[in-house]
Structure formats: C-alpha cells, structure tokens
Amino acid sequence: MLNAIGIQNPGIERWVADFAPRIGSLPVPVWGSAVGTSPGEFGRVAAGLDSAGVIAVEVNLSCPNLAGEMFSLAPVSAAEVVEAVRAATLLPVGAKLSPNTVEIAAVAGACLGAGADFLVLTNTVWGAGIDLWERRPTVNGGIGGYSGPPLKPIALRCVIEVHRSFPDAAIVGCGGVATGIDLIEYLLAGASAVAMGTVHFAEPKAGRRIHRELKRLLQKIGAGSVRELIGELKLT
Ligand SMILES: Cc1cc2nc3c(=O)[nH]c(=O)nc-3n(C[C@H](O)[C@H](O)[C@H](O)COP(=O)(O)O)c2cc1C
C-alpha cells in the first residue's frame, strides 16, 4: 500500500475529550501515538495521551508525509524528541523509527540513550506511484509511505541490525506481517512482539488468524514458546 495521509487529527485537546471517556471500556489495552513538529509539541501530546489513560506512548518519529525533515533520520534529532516525551510521562515510551536511514542502529541507540523503553521497527519506506494516463503521482505530493509484504525484508533488516547492536532492547517488529510465518521471522530477527497495519485493510480480523497460525507453527517447529525464538537467528 502506498499512502500519504499526513496524520490528520483533531489536536490533542479534542482527542482527549473524545477518547478518554471511552478508553477504559475497550476490551484491549491502548497505546497512544504521539506526533508533532517540534520536541516540545511531542511532549505536550504525550502528556495528553497519558492523561487520557493509554498504557504506553509510541513516539512517531518517522511519518513520511509531514512537512520538514523526519526526526528519525538522524540520532540527534530523534534523541531530542524522545527526551521531551520521556520528561512528559512516566508511561513506557517507544520510539517508532524509519527504515529510510542508513544509520538505523545509531538512531536506535540515541533513542534508547534518551530514555526509550522500546523500539518499533519500522514505519513505512518512502515510495512513489505514477498514473501514466494523467501523468500525475498517485499520492498527494508525489511521495508517500510504502507498506505491506514488500516492506518485510527491509524492516527485518532493521530489526537484525538493531538487535545485533542492542541485544537487550525490546523491539516491536512491524512491516508486512500477514502470516504466522512472518511473525516468527520477526521473532528470530530479535523482535519480542509484532505490530500489523496494512493486512487489516483486506482482513480486519487478521490478528486472530495469525495467532492461530502461530500456535500451529510453534508445534510444527518444536518450539515450546514464543520467548525461546527471540533473537535465535543463526547469522554465522
Ligand atoms: C494507511 C496507513 C496509515 C498509517 N498511519 C500511521 C500513523 O498515523 N502513525 C504511524 O506511526 N504509522 C502509520 N502507518 C505505518 C504503519 O503503522 C506501519 O508502521 C507500516 O504500515 C508497516 O506495517 P504494515 O506493513 O503492517 O502496514 C500507516 C500505514 C498505513 C498503510
């Protein structure tokens, strides 16, 4: 999927007023995703999410569709944002990083150093589509975020690199998860959880199927638990 959404939202005050009363009645724990245009704004949004009753704050350092430079392209800018969010909440803080950098391990290290409790690897990769009849790009602005199965090898590479540099870091693998096999690949690469996006557009209940597939696969490969697979990729 190629998207250029640009994080439409009503602003944190409106969001808190709308969602805080409903979060407690949902049957699942809810994370908040903080985004902003400056470290201070990220901090303010994180504090708002915290006040609404989320259980963790994911810091979206990697939206491909906002004006200005993406914070997760460089260690210093990523760390400044994580520091601001860290100061704004006592909740677990996760840094969601972009695969569009040549120094993913350095950016991850800077986020961990600034107080991130976990890393989400990754957001979408930059992509473009062209409508040849109209001679126009298929998404606003020409360039968007590309996701789904073709992203998996790229995001897996990021997980492997970061896990190799920071074996104790908690990593959520994200990018193209659509089957139990994908999920186990992320575990072997070093993730201890996965997140799924694009698969839900075609199959809103994909999580249940993937969970069933995971249970069957664990039996098939003789693994007693998910835990024993984390980071067990044989690189040599
Ligand atoms: C339509 C669409 C909207 C998205 N919006 C956000 C967003 O608001 N914040 C964010 O952190 N990631 C956003 N993402 C990225 C996804 O959360 C995810 O990191 C990425 O799509 C890779 O996972 P997937 O291949 O399972 O979709 C979006 C992805 C899609 C396809």
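Note that this is a predicted model, so its numbers are computed, not measured. Both ligands and their constituent atoms are indexed starting at 1 by order of listing.
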* Structure fact -> Apart from I55 itself, its cluster of hydrophobic side chains linked below 4.5 Å comprises W31, F118, V120, V172
* **Student check: side-chain heavy atoms of V107 and L61 closer than 4.5 Å** => no
* Asked: With sequence neighbours excluded, what pairs up with D50 under the side chain to side chain donor-acceptor pair (under 3.5 Å) test?
  -> T89
* Asked: Can you name the residues that form a side chain to side chain contact (heavy atoms under 4.5 Å, CB included) with V76, not counting sequence neighbours?
  -> E80
* To do: State whether E213 and K220 are salt-bridged, where the test is any N-O pair (Lys NZ or Arg NE/NH1/NH2 against Asp/Glu carboxylate O) under 4.0 Å.
  => no
* Donor-acceptor pair, side chain of S62 and main chain of K96, under 3.5 angstrom -> yes
* Asked: Can you name the residues that come within less than 4.0 Å of ligand 1, going by heavy atoms only?
  -> M1, N3, I5, I7, N60, K96, T122, N123, T124, S147, G148, L151, C174, G175, G176, M196, G197, T198, F201
